[in-house]
Amino acid sequence: MRIGVFICKCGTNIANTVDTEAVARKALEYPDVVYATDYMYTCSEPGQEEIREAIIKNRLQGVVVAACTPHMHEPTFRRAVEKAGLNRYMFEQANIREHVSWVNKDRESNTIKAMDLVHMAVEKLRLNQPLFSSKVPINKRVLVIGGGIAGIQAAMDCSDGGLDVVMVERETTIGGKMAKLDKTFPTIDCSSCILGPKMVDISQKENISLHAYSEIESVSGYIGNFEVKIRKKATYVDWNACTGCGECTQKCPSKKTYDKFNEGLGSTTAINIPFPQAIPKRARINAESCLYLTKGKCKKCEKVCPADAIRFDMEDEIITEDVGAIVVATGYDMFDYSVYGEYGGGRYPDVITSLQYERILSASGPYGGHIVRPSDGKEPRNIVFLSCVGSRDASVGRPYCSGVCCMYIAKQAIITRDHLPDCNCYVSYMDIRSPGKNYDEFIRRAQEEYGINYIRGRVGKIYPKDDRLIVQGVDTLMGVQMDIEADLVVLATGLEASEGARELAEKLRISYDQYGWYMESHPKLRPVETNTAGVYLAGVCQGPKDIPASVAQGSAAAAKVQILFSRDTIETDPQVALVNERVCISCGKCIEVCPFGAIQWKTLRDGSQKAEVLPTVCQGCGLCNATCPPKAVQLQHCTDDQILAEVNAVCE
Amino acid sequence: MAFIWPAAVPNAGNEIPTMLIKEKMNQILKDMLDYEAGIDAEAKPPLLTFDPGETGI
Amino acid sequence: MNKKRDMMISETGTQREKEIKIIGFLCNWCSYGGADTAGVCRFKQPTDLRIIRIPCTGRMDPLFVVKSLIYGADGVLVSGCHPKDCHYAVGNLYARRRMELLKRFLPFIGIDTNRFRYTWVSASEGQLWQQVVTEFSEEIHRLGPNAGLNEKMDAETALSLFNTK
Amino acid sequence: MPMDEKTKTLQEDFEKNFADLELVIGWETGFDRLHATPVFIRQPSELGKLVWNPLCSQNLSGYLAKNLDASIQEDGKKIGICVKGCDSRSLVALIQENFIDRDRLYIVGIPCEGTVDLRRLMHLKPSLENVRKVDIEGDEAVVETDQETLRFPIENVLARKCLRCLYPNPVIYDTMIGTPLKPRISEDKLYSAVEKFDTSDRKQRLAFWKTEFNRCIRCYACRNACPLCVCQDNCIAESRKPKWLTQRDGIREKFLFHMIHGLHLAGRCTECGE
């Protein structure tokens with residue numbers, strides 16, 4: 001092998017404290033080194049030209065450059081080497097600036113250290129193999145999991161960008177939590193007015209195929225070529241025939257079904273359409289409460305349905321979709337308020353969650369938009385809003401701030417004051433978090449214009465007194481204990497990962513933190529990407545945020561997908577692991593440790609199963625190589641032999 | 001030269017005490033991760049998994 | 001082998017005690033960057049450390065450390081991203097178990113455990129890196145060159161050492 | 001339950017279940033009554049060979065992962081295997097790493113009073129010959145020969161692994177022959193040998209290991225006997241690429257081989273004493 005060594009003086013940065021001539025002279029003694037020189041600025045144009053000429057003149061097969069940190073100029077030198085016809089991986093860089101010349105003034109020991117580093121680089125280079133990146137075709141379809149505002153935004157942007165979109169929504173209708181809201185802060189514009197049109201667009205776009213009331217069964221494959229199995233859950237109604245007229249919902253005798261859309265306020269029929277603007281506007285039979293499915297009686301809906309769409313024998317159906325990228329927008333759930341026994345959540349009917357209150361405020365809600373108490377239907381004169389219920393409280397395992405509660409409490413209080421001008425609203429808060437545009441002004445308006453009493457303190461206990469509730473707390477600013485007789489208490493429950501988020505993360509092989517929020521690949525620089533190539537995040541599933549931020553992340557994820565699909569093929573990084581099938585003993589340890597699920601079983605002709613690394617999914621961390629007992633799997637460009645060569649170069 | 005066997009290691013013949021190495025490994029893992037091999041068929045060998053919450057390492 | 005090292009020293013004219021060599025396995029994303037930052041800030045460090053760049057501490061097989069110490073490296077330093085900061089999410093979580101196991105095992109086979117150290121240094125902690133290298137180099141200088149398992153020590157001297165218990 | 005009764009129940013149990021077994025792995029008397037060797041029985045008629053006595057020390061689970069491919073399910077037939085407490089732990093370790101399919105096995109667990117280490121027995125009584133029976137009664141080992149009956153205190157003849165046995169009763173079994181026994185050592189004294197060894201000075205330990213490993217000729221018998229060392233002919237001690245070890249005869253190579261074996265067993269070794 002013919003190796004050329006170039007010692008860079010880097011002006012005086014290296015030459016000052018390292019005798020580059022001696023290092024170059026010394027390099028000639030190392031095996032396979034046929035050409036060694038030092039140069040003023042190797043990374044400059046003339047420097048690279050010097051390398052190119054030396055490669056051609058001396059028929060070099062590998063190049064070692066001893067200069068700055070590879071983080072700086074490894075790509076530069078690799079391109080220079082490639083221009084001269086060598087494979088870009090037949091190149092090693094020794095860092096004799098940041099690690100040698102800049103950190104010590106003793107010229108002599110610096111020179112010895114530089115010689116050693118060059119020797120290590122030469123020894124490693126002698127074992128380098130030319131590596132070539134392979135091209136893998138991309139299936140330009142994107143899967144959006146979750147039909148909330150973030151998912152809708154991502155799907156819309158991708159679809160407008162000309163991509164085929166597959167949207168999977170767990171509930172029967174898209175719209176997510178935002179569809180349940182009455183108004184949105186800080187502009188108090190009606191939630192369904194801004195969300196509705198977008199939902200209709202989703203249903204009308206040809207290149208968006210919507211699978212509502214479906215869940216992800218399994219995800220396999222890798223970036224550009226995911227194979228996703230989707231379980232279309234049985235709705236017992238043929239959605240092609242059903243027109244959403246709602247006849248069945250009037251006639252259905254089983255009226256006691258839990259109304260999930262209205263958060264359990266009031267009940268609904270077994271066969272129901274969640275709300276008028278639902279997309280897709282189709283009916284669904286709730287198997288637990290339908291009289292026919294549970295006791296075999298009734299079948300009234302079948303008789304009444306003008307479109308003959310009822311199918312009692314319907315089964316779950318698994319369909320497969322091939323996609324190239326996945327946007328996860330699975331949103332969140334509200335904190336279970338019954339954990340705070342002292343607030344009586346779940347025991348007293350007039351202690352409700354903020355989402356339930358949204359349904360009360362909403363015109364399509366169970367009370368048609370009239371603010372009444374769930375217990376006796378009377379209009380409340382005193383309402384107390386409690387903030388931070390299940391947020392900023394480590395004792396219940398929710399130390400984080402949910403970010404949106406302060407704002408929506410102010411909004412709910414303002415709407416309440418609009419509806420019932422003589423109703424007193426109290427807000428018990430610890431701190432007000434209103435960081436967005438016009439956010440704090442909105443809170444200021446709530447306090448001054450709408451006369452909402454903000455009481456700084458944490459409520460201790462809520463207990464009933466005849467038909468009203470005593471809210472026992474403290475006003476820390478006034479330094480007095482306060483007891484308010486309230487007709488209605490609204491708990492601003494915090495946000496937490498949606499139920500089933502962890503299982504989905506395991507299927508997608510993305511990681512999540514201890515609260516179930518999905519882990520972005522870098523909190524500041526890459527918030528919508530994950531460590532799994534091809535899987536992107538949008539909305540609250542990545543962490544508590546408000547609607548504007550969720551929409552922004554939806555567009556950001558869509559942009560990332562567009563970038564990925566801007567090329568027809570993906571170029572894979574060749575520094576990935578490779579399995580030597582003759583040595584592999586099929587113990588499966590590499591598959592267990594691989595954080596990216598990049599290794600799968602491969603069945604050979606004789607039926608035996610060996611490990612196989614997917615080059616596009618492997619990120620090159622080398623965990624499998626360290627774990628493999630017979631060292632069958634080797635991380636290319638960083639194999640055991642190459643590292644041992646460097647170790648031996650030092651240990652001699 | 002008769003080799004005096006350290007009393008600390010009861011040994012029948014003249015075998016090389018390789019099992020001392022494995023016993024030390026098991027002792028360390030017992031202290032470190034309170035793990036014993038071959039007891040629970042579902043447990044994952046300690047070096048093939050990780051626990052983000054563990055401290056002291 | 002050591003002959004070559006001594007020849008190199010005599011060649012540069014000054015007779016110094018044998019050159020101490022420490023091998024550093026640094027993870028490319030955090031600790032290698034941290035060493036660069038220390039360099040950029042010109043934080044002075046001793047010159048005994050020879051850095052080998054590996055993609056992640058998860059790539060570290062404990063055998064690399066054992067082989068280095070047996071074959072004569074005077075010290076081995078492994079450094080990677082802080083737990084939960086790993087570029088590959090979990091690489092260092094696997095590594096810390098393996099390194100701690102090795103750290104507690106080395107004394108049992110008679111290798112001074114102070115010759116091996118593993119730490120977590122992120123790309124911005126140049127100061128911390130300088131401190132780690134300086135401390136570790138002083139420690140290894142105090143321990144002196146590591147004879148490793150050179151062949152010279154024959155059975156008799158080994159036994160004589162042993163029987164003087 | 002005395003030994004020969006256990007042998008009888010062992011044979012009967014396998015006879016009863018032989019319908020859905022294709023192979024039974026157990027021990028049989030070796031070339032003389034003082035040795036027991038593993039036996040692979042495929043016909044019910046041969047079940048008579050099965051024997052259980054304090055000489056059955058071999059760990060039979062080693063054969064499952066290395067020689068028989070016990071992970072593939074054939075026509076529903078199972079493999080019967082006799083396991084002592086220590087062997088059953090190796091079995092569990094193999095199942096943990098998916099080398100064996102649990103429902104491919106019919107496991108007969110035998111609580112074990114301990115196995116006799118013949119070298120220690122020979123050390124005590126070199127002139128021992130034509131032995132008829134070896135038995136353990138209480139804390140004495142009874143060796144019946146044609147001429148006389150010899151009794152040895154159990155601590156002098158038991159194998160080292162049995163002196164520190166924490167799991168005499170099988171941790172995994174389909175049927176258990178005999179009643180569970182009390183472990184011979186308490187949890188805290190399990191690693192007394194290692195703790196005592198740690199008290200010596202570091203230099204002495206290095207010298208000790210250098211001397212001991214210098215005697216090793218790298219015949220790899222320990223690797224081949226170990227039930228968890230399944231790399232067999234792909235072992236990195238003998239591989240050219242990657243080249244961790246050369247075939248050079250030197251203390252470094254031998255030392256490193258034992259480190260490879262030790263580190264690869266970390267968290268897996270069940271101290272089965274093979």
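Here is the naming used below: chain letters follow the sequence lines, and residue numbers restart at 1 for every chain.
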query: With side chains defined as the heavy atoms from C-beta onward, is the minimum distance between A/Leu623 and C/Tyr88 less than 4.5 Å?
result: no
- prompt: Any idea which of A/Ser521, A/Cys624, A/Gly622 has the most non-hydrogen atom pairs under 4.5 angstrom with chain C?
  reply: A/Gly622
message: Testing the basics here: between C/Asp61 and A/Ala626, what is the closest heavy-atom pair and its distance to 0.1 Å?
response: OD2-O, 3.6 Å
- request: Grab the two heavy atoms, one from A/Cys651 and one from C/Ile23, that are nearest each other, plus how far apart they are.
  value: SG-CD1, 3.9 Å
- prompt: Side chain, backbone, both or neither: which part of C/Lys67 has a heavy atom under 4.5 Å from chain A?
  reply: side chain
- prompt: Under a 4.5 Å cut-off applied to non-hydrogen side-chain atoms, are C/Val40 and A/Glu98 in contact?
  reply: yes
query: Under a 4.5 Å heavy-atom cut-off, does chain A meet the side chain of C/Pro62, its backbone, both or neither?
result: neither
field: Heavy-atom side-chain contact between A/Leu644 and C/Tyr71 under 4.5 Å
entry: no
- request: Write out, in numerical order, the residues from residues 50-58 of chain C with a heavy atom short of 4.5 Å from a heavy atom in chain A.
  value: C/Arg50, C/Ile51, C/Ile52, C/Arg53, C/Ile54, C/Pro55, C/Cys56, C/Gly58
message: At under 4.5 Å between heavy atoms, what parts of residues 16-25 of chain A are in contact with chain C? List them by residue number.
response: none
message: Can a donor-acceptor pair be found, under 3.5 Å and without considering hydrogens, that links the side chain of A/Lys113 to the backbone of C/Leu49?
response: yes
message: Taking side chain as everything from C-beta outward and backbone as N, CA, C, O, which of these in A/Lys124 sits under 4.5 Å from a heavy atom of chain C? Side chain, backbone, both or neither.
response: neither
query: What are the two closest non-hydrogen atoms of A/His99 and C/Ala35, and how far apart are they?
result: NE2-CB, 3.3 Å
task: Tell me, for A/Val100 versus chain C, whether the close heavy atoms (under 4.5 Å) come from the side chain, the backbone, both or neither.
output: neither
- request: Determine the minimum heavy-atom distance between C/Tyr94 and A/Glu592, stating which atoms define it.
  value: OH-O, 4.1 Å
task: Calculate, to the nearest 0.5 Å, the distance between atoms CG and OG1 belonging to A/Asp116 and C/Thr47 respectively.
output: 10.0 Å
Check: C/Lys44 and A/Val103 side chains under 4.5 Å, non-hydrogen atoms: no
message: Looking at A/His71 and C/Asn28, would you say the former's side chain and the latter's main chain have a donor-acceptor pair under 3.5 Å?
response: yes
task: Sort C/Phe25 into side chain, backbone, both or neither according to what part of it lies under 4.5 angstrom from a heavy atom of chain A.
output: side chain
task: Could you check which of A/Asp640, A/Thr627, A/Thr111 has the highest count of heavy-atom pairs closer than 4.5 Å to chain C?
output: A/Asp640
message: Shorter than 4.5 Å, heavy atoms on both sides: which option in C/Gln45, C/Arg59, C/His87 has the most such pairs with chain A?
response: C/Arg59
message: Do the side chains of C/Asp36 and A/Arg97 get close enough for a salt bridge, i.e. N-O under 4.0 angstrom?
response: no
Closest contact, heavy atoms only, C/Ser68 versus A/Val647: OG-CG1, 3.5 Å
